[in-house]
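A short worksheet on the structure shown next.
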Amino acid sequence: MLTERDRELLGEAIRAAARSRAEGMHPFGAVLADAEGNILLEAHNSVPAEGDVTGHAETNLIRAASPRHSPEFLAHCTLYSSAEPCAMCSGALYWSGIGRLVYALSERELLELTGDDPENPTMSLPCREVLGRGQRHIEVLGPIPSPGAREVHEGFWNPKAGEPI
């Protein structure tokens, strides 16, 4: 069930995506909150500036959270993402033990915005498919229409982005 606090925290993830874009990186952001809705960590993309192609917002957040929190604690946490996690990030989410995911922009909507930009070769593999193959249940809520989720990508990707595919 989506709460008003979920919507607020999703807005924080979108603001992290905007900061990522302002710093010249891909416009994606993520927030980790505990069971009470307190923000524990925030992260954004470090691609392409740092040269690590795995530096997606969600993986950056999970890399920071995993050494700080036990899997038992993370099982009661929620990862908020400005866009649907890719297959890599979904796998990292699964292995982290985080028990809940809330995201704004769907992978399909993202593909409409990125088009054929080689900087974001979208896999068109929904996170539910990746997470559904595991042995542990992860609650997934999304896509959630959210102010700013699409706008943070507009004009960022190549000129063909946004054309029908």
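At a threshold of 4.5 Å between non-hydrogen side-chain atoms, the residues Leu40 and Cys77 count as touching. Residues Ile39 and Leu32 are not in side-chain contact: their nearest non-hydrogen atoms beyond the backbone lie 4.5 Å or more apart. Using a 4.5 Å heavy-atom cutoff, the side chains of Leu131 and Val140 are in contact. Within the 4.5 Å cutoff, no side-chain heavy atoms of Pro27 are placed close to those of Ser20. Counting heavy atoms from C-beta on, the side chains of Phe28 and His44 never come closer than 4.5 Å. Annotation: side chain of Leu101 is not in contact with side chain of Glu84 (no heavy-atom distance under 4.5 Å).
Taking the ring centroids of Tyr94 and His137, they lie at or beyond the 6.0 Å cut-off.
Pairing each heavy atom of Ala104 with each of Ala149, the nearest pair is CB-CB, 3.8 Å. Nearest heavy-atom pair, Glu107 versus Ser124, reported as atom, atom and distance to 0.1 Å: OE2-N, 3.9 Å. Leu10 approaches Ser146 most closely through the heavy-atom pair CD2-OG, 3.3 Å. Shortest non-hydrogen contact noted between Gly24 and Pro48 is O-CD, 3.9 Å. Among all heavy-atom pairs drawn from Ala87 and Met123, the shortest one is CB-SD, 4.0 Å.
Note that SG of Cys127 and OH of Tyr103 are 4.5 Å apart. Values are rounded to the nearest 0.5 Å. Rounding to the nearest 0.5 Å places OG of Ser90 at 10.0 Å from CG of Leu79. One finds the OG1 atom of Thr114 at 10.0 Å from the NE2 atom of His26 (value rounded to the nearest 0.5 Å). Considering NE2 of His69 and CG of Leu74, their distance stands at 6.5 Å, rounded to 0.5 Å. Note that CD1 of Ile14 is 12.5 Å distant from OH of Tyr80, once rounded to the nearest 0.5 Å. How far CZ of Arg100 is from CG of Leu93: 12.0 Å, rounded to the nearest 0.5 Å.
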Point to revise | Residue pair Thr122, Asn120: steps toward the side-chain contact (heavy atoms from CB on, under 4.5 Å) verdict | key: CA-CA 6 Å; Thr122 301; Asn120 193 43; 3.4 Å; yes

Exercise for review: Walk me through it: do Val102 and Leu2 pass the test side-chain contact (heavy atoms from CB on, under 4.5 Å)?
Suggested key: CA-CA 9 Å; Val102 178; Leu2 189 71; 4.1 Å; yes

Practice item. Please report the C-alpha distance between Ile138 and Ile98 in whole Å, then the side-chain angles of each, then the deciding distance to 0.1 Å, and finally whether the side-chain contact (heavy atoms from CB on, under 4.5 Å) criterion is met. Key: CA-CA 7 Å; Ile138 297 171; Ile98 294 170; over 6 Å; no

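Hydrophobic clustering places Phe73 together with Leu41 (ILVMFWY residues linked when any side-chain heavy atoms are closer than 4.5 Å, directly or through intermediates). Follow the hydrophobic side-chain contacts under 4.5 Å out from Leu9 and you reach Ile144 in the same cluster. Residues Val53 and Leu110 are members of separate hydrophobic clusters, defined by side-chain heavy-atom contacts under 4.5 angstrom among Ile, Leu, Val, Met, Phe, Trp and Tyr.
A donor-acceptor contact shorter than 3.5 Å links the side chain of Glu151 to the backbone of Gly148. Side-chain atoms of Ser81 never come within 3.5 Å of backbone atoms of Ala30 as a donor-acceptor pair (strictly under, hydrogens ignored). Put simply, the side chain of Arg150 never gets that close to the backbone of Leu105: no donor and acceptor are under 3.5 Å apart. Distance alone, capped at 3.5 Å, places no donor-acceptor pair between the Asp117 side chain and the Trp157 backbone. A donor-acceptor distance shorter than 3.5 angstrom exists from the side chain of Thr59 to the backbone of His56, with no hydrogens or angles considered. No donor-acceptor distance shorter than 3.5 angstrom exists from the side chain of His76 to the backbone of Asp34, with no hydrogens or angles considered.
Between the side chains of Glu109 and Ser106, at least one donor-acceptor pair of N or O atoms lies under 3.5 Å. Side-chain polar atoms of Asp6 and Thr3 form a donor-acceptor pair below 3.5 angstrom. Side-chain contact of Ser46 with Asn60: a donor-acceptor pair under 3.5 Å is present, judged by distance alone. If you check the side chains of Thr78 and Arg5, you find no donor sitting under 3.5 Å from an acceptor.
Between Arg19 and Glu42, at least one side-chain nitrogen of the basic residue sits less than 4.0 Å from a carboxylate oxygen of the acidic one, meeting the salt-bridge criterion.
Atom CZ of Arg63 is surrounded by more than 12 heavy atoms from other residues, nucleotides or ligands within 6.0 Å.
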